[in-house]
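Taking it in order: structure first as C-alpha cells, then the write-up.
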Amino acid sequence: MSKFDGKVAIITGAASGIGKEIALRFAALGGIPVIADLNLEAADATAQELKAKGGDAFAVAMDVVDEAAVEKGVADTVQKYGKIDILVSNAGIQIVKPLVDFPFADWKKLLSIHLDGAFLTTKYCLKHMYAAKSGSIVYMGSVHSKEASKLKAPYVTAKHGLIGLCKVVAKEGAEFNVRANVVCPGFVRTPLVDKQIPEQAKELGISEAEVIKNVMLKDTVDGEFTTTDDVAEAVLFFAGMETNALTGQSLVVSHGWFMQ
Ligand code: NAD
C-alpha cells in the first residue's frame with residue numbers, strides 16, 4: 001500500500017521524456033496518471049504501456065494553451081475518476097536563439113506553452129481541488145528558474161515566472177489544503193535536449209561534444225546529466241507531501257549546477 005494508491009494525477013506533456021517517467025513511476029506506486037499531451041498517439045501508447053503492466057491510466061488530448069481543451073481534459077478526468085489529487089504541469093518546449101534574432105512569434109509561443117499552460121491547467125484543476133479541500137500541484141521549472149543562459153531568453157523568463165505562479169497558488173490554496181511547489185532540473189537527455197545540442201553547436205560555432213561538456217554540464221559537480229528518474233523522484237516527493245509545511249518551494253535537481 002503506497003500513499004499514491006488510487007490517487008489521480010493529471011500530468012501534462014506525459015507522452016515523452018520527464019513527464020512520461022513521472023507517469024510510469026506514479027503508476028508503479030498505485031497511482032492513476034492522466035497522460036495529457038498534444039501528441040494523442042504517443043499519449044495513448046503510454047497509457048496502453050501502463051495498462052499492460054496491470055495499472056490504470058487515461059490518455060487525454062490536450063494542447064495546454066487551448067482553454068477549451070484544458071477545461072475538457074480536466075472535466076473528462078473528473079467524470080471518469082471523480083477527482084484530481086495531483087497536477088504536474090510539465091509540458092514544455094525549447095527554442096534557442098540570440099535575443100537580437102529571436103522572432104517575436106517564437107517568444108510568444110514559448111511563453112504561452114510554459115506560462116499560459118501552467119495557468120490554465122492550474123485554474124481548472126484548482127476548482128476541483130478546492131471542492132475536495134485537498135490537492136498538490138507541481139510545476140516543472142528548471143535550473144533556468146534560478147539562473148540564466150545565453151540563447152534562452154523566453155525559456156529563462158518563463159521558468160522564473162513559474163516560481164511566481166507557484167507562490168501565489170501556495171497562498172491562495174492554503175485554506176483549501178492545496179500545495180504548490182516547483183522542481184528545477186538541470187539538463188536531462190530527453191528529445192527536448194537532444195534537439196537543442198546541434199542547434200546550440202550551430203549558434204555558438206562549437207562541436208556537439210563541446211556543447212555537452214562546456215555548456216550544458218560545465219558547472220555540474222561531476223559532469224553528469226540529471227536523469228528522468230531523478231526528476232520524477234523529486235516530483236513525487238512534493239506530490240506526496242500531505243501538509244502545507246512544504247508549499248511555495250522550489251527544489252533544484254541538477255548535479256550541483258546551481259546551488260542555493
Ligand atoms: P520532451 O520534449 O521529451 O517532452 C515534452 C512533452 O510535452 C511532449 O510529449 C510534447 O508533446 C508535450 N507538449 C509540448 N507542447 C505541448 C502543449 N502545447 N500541450 C501539451 N503537451 C505539449 O521534453 P522534456 O525534456 O521531458 O521536458 C518536460 C519539461 O521539463 C519541460 O517543461 C521542460 O522545460 C522541463 N525541463 C527539461 C529539462 C531537460 O533537460 N530535458 C531540464 C529542465 C526542465
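Both counts, for ligands and for their atoms, begin at 1 and track the order of listing.
- Using modelled atom types, one finds no donor on one side chain facing an acceptor on the other under 3.5 Å when comparing K83 with S134.
- With a heavy-atom cut-off of 4.0 Å, L192 touches ligand 1 through backbone and side chain alike.
- Only the backbone of M62 comes within 4.0 Å of ligand 1, judged by heavy-atom distances.
- For ligand 1, the atoms lying closer than 4.0 Å to a non-hydrogen atom of A91 are 7 (O), 20 (C), 21 (N), 22 (C), 32 (O).
- In K159, the part holding a heavy atom less than 4.0 Å from any atom of ligand 1 is the side chain.
- The pair D76-K80 does not meet the salt-bridge criterion, since no charged nitrogen lies less than 4.0 angstrom from a carboxylate oxygen.
- In this structure, K108 is positioned above the aromatic face of F104, its NZ or CZ under 6.0 Å from the six-membered ring centre and within 45° of the axis.
- S250 and Y139 share no side-chain donor-acceptor pair at under 3.5 Å.
- The atoms of ligand 1 that sit less than 4.0 Å from any heavy atom of S16 are 1 (P), 3 (O), 4 (O), 8 (C), 9 (O).
- Listed by number with element, the atoms of ligand 1 under 4.0 Å from a non-hydrogen atom of F187 are 40 (O).
- Listed for the D37 side chain is no donor-acceptor partner under 3.5 Å among the backbone atoms of V60.
- Looking only at heavy atoms of the protein, atom 42 (C) of ligand 1 is closest to G186 O, 3.2 Å.
- For ligand 1, the polar-atom distance check finds no N/O of V65 at less than 3.5 Å from any of the ligand's N/O atoms.
- When V64, T190, V253 are checked for heavy-atom proximity to atom 41 (N) of ligand 1, T190 turns out nearest.
- Looking from atom 21 (N) of ligand 1 to the surrounding protein, the closest heavy atom is L38 N, 3.3 Å.
- Taking every heavy atom of S142 and a limit of under 4.0 angstrom, the matching atoms of ligand 1 come to 43 (C), 44 (C).
- In this structure, H114 has its ring center closer than 6.0 angstrom to the ring center of Y155.
- Between the side chain of R179 and the main chain of N177, a donor-acceptor pair closer than 3.5 Å is present.
- At a heavy-atom distance under 4.0 Å, atoms from both the backbone and the side chain of N90 approach ligand 1.
- Taking every non-hydrogen atom of G141 and a distance limit under 4.0 Å, the qualifying atoms of ligand 1 come out as 43 (C), 44 (C).
- Using modelled atom types, one finds a donor on one side chain and an acceptor on the other under 3.5 Å when comparing D56 with Y81.
- Between the side chain of H144 and the main chain of H160, no donor-acceptor pair closer than 3.5 Å is present.
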